[in-house]
Every structure is written in C-alpha cells, then in structure tokens.
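Heads up, the thing below is written out as structure tokens.
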Amino acid sequence: MERTCLAIILAAGDSTRMKSSTSKVLHPIAGRPMIAHVMEAIAKTRISAAALVVGRNAEEVTAAAAVGGVKVEAYLQKERLGTGHAVLAAREAIAAGYDDILVAYGDVPLLTDAPLRAARQGLAEGNDVVVIGFHTENPDAYGRLLVKDGELIAIREAKDATDAELAVTWCNSGLMAINGRKALDLLDRIGNDNAKREYYLTDLVEIARSLGGRAVAVDAPEVEMTGCNNRAELAVIERLWQERRRHELMLSGVTMIAPETVFLAYDTVIGQDALIEPNVVFGPRAVIDGGAVIHAFSHIEGAHVSAGATVGPFARLRPGADLAGGSKVGNFCEVKNGKIGEGAKVNHLTYIGDATVGTGSNIGAGTVTCNYDGVNKHETHIGANSFIGSNSSLVAPVRIGDSAYVASGSVITEDVPAEALAFGRARQEVKPGRAKVIREKALAIKAAKKGSH
C-alpha cells in the first residue's frame with residue numbers, strides 16, 4: 001500500500017530583505033510565483049495533502065500554491081519563533097495522521113521532486129528523520145551535516161562548529177522528512193534554550209536519536225536548494241531556471257542560436273526542430289510546434305505557432321494568436337486574438353486584432369483591423385486568398401470575402417463580397433501650380449511677422 005504523506009510548506013516570511021510590499025514567495029520566476037514552482041515539485045511525489053504555513057498576503061499565497069491538483073490548507077503563523085514553531089502551526093494537519101511528513105520552504109523554486117522522493121524513501125526504510133543536504137565548495141554560514149557510520153548524528157550551526165566540523169562541506173538545506181507517526185511527539189520536544197529563544201527544526205536529529213530513533217541525510221544538487229532572500233538572489237534564481245530549461249529544450253531537439261538571450265515562461269512548449277533566434281521572449285501559455293521559426297526580437301505570449309510557420313523578426317503575438325502551418329507574421333507586426341490561416345502572410349507593420357485571416361491571403365504593410373470602438377471589441381473576417389492593400393483600415397465588424405481585393409489606402413466599413421474589388425478612399429485631385437501659390441503666401445506671412453518685431 002502506498003504511504004500517505006503530508007507536505008508542510010513554510011511560506012510566512014515578511015519579505016524584509018526583499019524590500020517588498022508583497023510576500024517573498026509571490027515574486028515570480030519564469031512568470032510564475034516561486035511558491036507554485038515548489039508546489040509543483042512536491043505534487044510530483046504523490047503527496048496526500050499539503051499544509052501551507054502563511055503570514056502576510058495569506059489568501060494570495062494560498063491561491064498561488066494551488067497547483068498540481070493538491071488540496072492546500074493554510075495555517076497562519078502569528079509569531080516568528082523559529083522553524084520548529086512554524087511547522088507546529090500546522091499541528092491540526094499533522095495530528096490527522098500520515099506515514100510521512102515532508103517539510104519544505106516556499107522560496108526554493110529550483111527544487112525538483114527527486115530529493116523529496118529520496119527523503120520519503122529514507123522514511124520507508126525505517127528512519128525517523130531524513131534531512132536533505134547538499135555539497136558545496138562555499139559552505140560559509142550553512143549548518144553542517146555530521147555523519148558517522150551512515151547515520152546523521154547532528155546538524156551543527158556554523159557559529160557553534162569546531163574547526164574540524166567547519167571543514168565539512170555537506171550542508172543542511174532546511175528541507176527534511178519526518179516519521180509521521182512520531183512527528184508531533186518529536187516536534188513538541190524541541191526547546192528554545194538558545195540565544196534567540198527560538199525553536200529550531202534542526203534539533204529533531206538529536207531528539208530522534210535520544211529516543212532510540214535513526215536519522216540519515218540524503219544528497220541533492222546544490223542548485224536545487226538555492227533560496228531567495230533579496231532581489232539580487234531572485235535574479236540569480238531566474239538565470240539558473242532559464243539555463244536549466246533552455247538546456248532541456250535543446251536536448252529535446254530545439255535549436256537556439258544564442259540560448260542565453262532567450263527567455264522562457266514556466267509553461268513554454270517548443271517542439272522538435274523549431275528554430276529560436278536571439279533575443280526572443282516567451283510569456284505564459286506559448287506553444288511553438290516543431291519546425292516553426294521564431295526570428296530575433298519577437299515576443300510571444302498566449303499564442304500558438306504551427307509547424308512551418310514563421311514569426312518576426314520584431315513581431316509580437318499576444319494571447320489568442322493562432323498561426324496555421326506555413327503562415328508568416330513578419331517584422332513589426334502584432335496579432336491579438338487572431339487566427340492566421342495556412343500559408344497566409346502578414347509581412348510587416350500590421351495589426352491584426354480579433355480577426356481571422358483565411359488560407360493564402362496576403363495582408364499589406366500598414367493594415368489595421370480597427371477592432372475597438374471605445375466600448376466593445378468587434379471581429380474582422382478575411383476570406384481565403386484575399387489581398388488587402390497597404391495602409392488599409394478594416395473597421396470591424398466587417399467581412400472580406402474569398403479572393404477579394406481591397407485597394408491600398410482604403411478605409412473599409414462595409415462587407416466586401418467574394419471576388420470583389422473595394423475602394424474606400426477620397427478621389428485624388430491635382431491642382432497645377434497651387435503648391436507655388438501656397439508657398440509664396442506662407443513666406444509672405446512669415447516675412448510680415450518678422451518685420452513687425
């Protein structure tokens with residue numbers, strides 16, 4: 001039978017060092033609150049329930065943590081008396097009885113499920129406490145994991161460590177797993193006989209051993225344990241996340257000419273044999289099919305680009321943009337809630353909003369679908385194999401039939417039937433010699449003004 005598990009996520013920090021009016025765990029990594037990244041990793045371990053220990057912005061933090069199909073219950077930590085005290089804020093959830101208790105933090109968004117699974121495996125093997133540690137060349141102020149004969153004897157804070165203990169490079173991440181059947185008894189035994197008068201979760205190791213239990217440590221990559229305390233560290237974590245995800249995509253068959261200049265969202269999907277040129281930014285909900293080409297300096301969010309389609313350079317696809325196979329949205333074009341049909345071309349300097357462009361149609365430079373009347377949005381429908389001349393304004397709601405032509409510079413306010421040619425512009429008139437008259441008059445007025453001064 002699968003073991004039951006309660007995950008306790010500590011997310012009650014005050015964002016003091018972040019210098020922020022918003023809870024630290026709500027700050028985004030790859031367009032997603034960091035707490036959501038943590039919860040996604042936890043959810044992959046098939047936990048039974050999650051207890052979120054919150055402070056400021058409690059409702060927003062709880063909502064952001066609701067990912068992975070896990071039911072999240074929030075518990076308010078009214079005082080800040082150490083990590084042991086924070087975990088006990090979820091006493092009610094712990095008392096419900098689980099085989100395993102996982103303790104994690106809401107500010108480690110690079111975490112994956114692998115170390116969490118290893119910690120739970122350690123409990124399944126009969127250990128009462130399993131601490132997740134990491135090796136580092138710069139242990140500095142981290143607590144050291146002291147191990148003897150395969151058992152974790154203690155976690156020694158750097159300020160209390162001997163020279164020999166300071167030489168240890170296996171460090172405490174703060175994440176751990178606890179025997180759920182003994183958790184409350186162990187947690188209630190944590191004291192606060194220390195300089196800060198706080199209750200430290202790390203004391204569980206020695207408490208469990210004093211009661212005849214066993215504690216061990218499991219290893220995790222240092223990068224996964226990277227926490228966030230200020231804006232500088234937030235930027236570092238963003239860089240590390242981007243590097244990891246770019247690497248995964250390139251190994252899956254995506255070509256990135258200058259990967260360090262490409263920025264991905266947490267849910268960006270890019271298919272095999274897609275080409276991503278430099279300085280491309282993906283916002284949330286972007287799907288790029290295999291074989292598509294995204295040229296440099298393009299921004300794509302909430303859009304779908306089909307196989308063989310081309311975007312950019314300097315193009316913007318906003319939510320609802322859907323490009324069919326072989327279509328093209330070129331430089332300095334914007335598409336919002338618009339469907340571009342197979343083989344259709346929107347080559348340059350054009351806005352397509354709340355519109356459909358039929359198969360094989362060509363949209364000339366400077367075309368604008370005028371979709372907003374100041375109150376409501378309206379739709380434009382352009383049929384297959386139509387030609388829209390440059391600098392045309394299509395005032396929605398309006399329909400352009402299949403194989404229709406719209407003359408350049410037209411303002412179209414009425415439907416255009418299939419195979420028809422539409423003009424919507426003032427008739428040109430030429431006045432011979434009039435330019436000379438206007439210029440001479442203007443010069444005379446200028447001279448008169450100058451003389452009056």
Side-chain angles (χ1 to χ4, degrees), residues 3-13 25 34-35 37-55 61 65 70 72-75 77 80-124 127-134 142-143 145 152 155 171-190 198-208 213 215-220 224-225 227:
R3 297 171 64 89
T4 60
C5 179
L6 169 71
I8 301 175
I9 303 93
L10 307 185
V25 300
M34 65 176 78
I35 183 68
H37 288 276
V38 175
M39 285 303 303
E40 183 178 44
I42 291 172
K44 290 179 180 178
T45 67
R46 301 181 66 178
I47 63 171
S48 308
L52 190 64
V53 179
V54 295
V61 171
V70 177
V72 178
E73 292 287 345
Y75 297 87
Q77 184 185 9
R80 306 290 187 268
L81 299 177
T83 50
H85 176 265
V87 170
L88 279 174
R91 177 185 291 275
E92 181 184 344
I94 300 170
Y98 295 89
D99 296 316
D100 303 341
I101 303 291
L102 274 177
V103 179
Y105 295 82
D107 64 347
V108 285
L110 298 175
L111 177 68
T112 68
D113 60 304
L116 300 175
R117 291 181 183 276
R120 290 192 64 189
Q121 180 60 35
L123 294 180
N127 299 292
D128 288 331
V129 177
V130 183
V131 173
I132 298 176
F134 62 96
Y142 290 115
L145 301 184
L152 180 62
I155 301 175
C171 297
N172 176 37
S173 72
L175 283 72
M176 68 170 61
I178 310 167
N179 182 331
R181 306 302 174 182
K182 300 180 180 181
L184 277 181
D185 181 45
L186 294 174
L187 289 164
D188 281 334
R189 292 173 183 268
I190 298 176
E198 292 186 349
Y199 300 85
Y200 296 128
L201 197 61
T202 51
D203 290 350
L204 283 185
V205 172
E206 293 177 84
I207 291 172
V216 297
V218 295
D219 200 28
E224 291 192 27
M225 301 298 107

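Values reported hereafter were calculated over all heavy atoms of this structure, with side chains retained and with hydrogens, waters and symmetry mates removed.
Met176 places none of its side-chain heavy atoms less than 4.5 Å from the side chain of Ile132. With a 4.5 Å cut-off on side-chain heavy atoms, Val72 and Met39 count as touching. Looking at heavy atoms from C-beta onward, Asp188 lies in side-chain contact with Leu88 at the 4.5 angstrom threshold. Residues Cys5 and Tyr98 are not in side-chain contact: their nearest non-hydrogen atoms beyond the backbone lie 4.5 Å or more apart. You'll find the side chain of Tyr105 reaches within 4.5 Å of the side chain of Thr83, heavy atoms only. Considering only heavy atoms from C-beta on, Lys44 comes within 4.5 Å of Glu40 through its side chain.
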| request: Determine, stepwise, if the pair Thr45 / Leu102 fulfils side chain to side chain contact (heavy atoms under 4.5 Å, CB included). | output: CA-CA 10 Å; Thr45 67; Leu102 274 177; 4.1 Å; yes
| task | Please test Leu123 against Arg3 for side chain to side chain contact (heavy atoms under 4.5 Å, CB included), starting from the C-alpha separation and ending with a verdict. | result | CA-CA 10 Å; Leu123 294 180; Arg3 297 171 64 89; 4.0 Å; yes
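Taking both residues in full, the closest heavy atoms of Ala65 and Ile35 are given as CB-CG1, 3.9 Å, listed atom of the first, atom of the second, then distance. Closest approach of Met225 to Pro115, counting heavy atoms only: CE-CG, 4.3 Å. Between Val61 and Ala11, the shortest heavy-atom distance links the atoms CG1-CB, 4.3 Å. In this structure, Asn127 and Gly122 approach most closely via the heavy-atom pair ND2-O, 2.9 Å. Nearest approach of Ala51 to Tyr75, heavy atoms of both residues: CB-CE1, 3.7 Å. Between Gln77 and Gly82 the shortest heavy-atom distance is NE2-O, 4.2 Å.
No more than 12 heavy atoms of other residues, nucleotides or ligands lie within 6.0 Å of CZ in Arg46, so this atom counts as exposed by the packing criterion. Under a cut-off of 6.0 angstrom, the local environment of OH in Tyr142 is sparse, with at most 12 non-hydrogen atoms contributed by other residues, nucleotides or ligands.
At least one donor-acceptor pair under 3.5 Å links the side chain of Asn172 to the backbone N or O of Gly174. Ser173 places no side-chain N or O within donor-acceptor distance of the main-chain N or O of Gly133, the cut-off being under 3.5 Å. In this structure, the side chain of Glu224 engages the main chain of Thr112 through a donor-acceptor pair within 3.5 Å.
Here Asp113 does not pair with Arg120 in a salt bridge; the nearest charged N to carboxylate O distance is not below 4.0 Å.
With rounding to the nearest 0.5 Å, the separation of CG in Leu184 from CD1 in Ile101 is 8.0 Å. For the atom pair Arg189 CZ and Asp203 CG, the distance stands at 13.0 Å (nearest 0.5 Å). Between Leu111 atom CG and Leu116 atom CG the span is 4.5 Å, to the nearest 0.5 Å. We find the CD1-CG distance between Ile47 and Leu6 to be 7.5 Å, quoted to the nearest 0.5 Å. Interatomic distance, CD1 of Ile178 versus CG of Asp128, reported as 10.0 Å (0.5 Å rounding). With rounding to the nearest 0.5 angstrom, the CD1 atom of Ile94 is 13.0 Å from the CZ atom of Arg181.
Asp107 is linked by a side chain to side chain donor-acceptor pair (under 3.5 Å) to Lys24, counting only residues two or more places apart in sequence or in another chain.
Remark: of the listed residues Val53, Leu201, Leu175, Leu201 is the sole one forming a side chain to side chain contact (heavy atoms under 4.5 Å, CB included) with Val103. The one candidate from Val25, Ile8, Ile9 that meets the side chain to side chain contact (heavy atoms under 4.5 Å, CB included) condition with Leu52 is Ile9.
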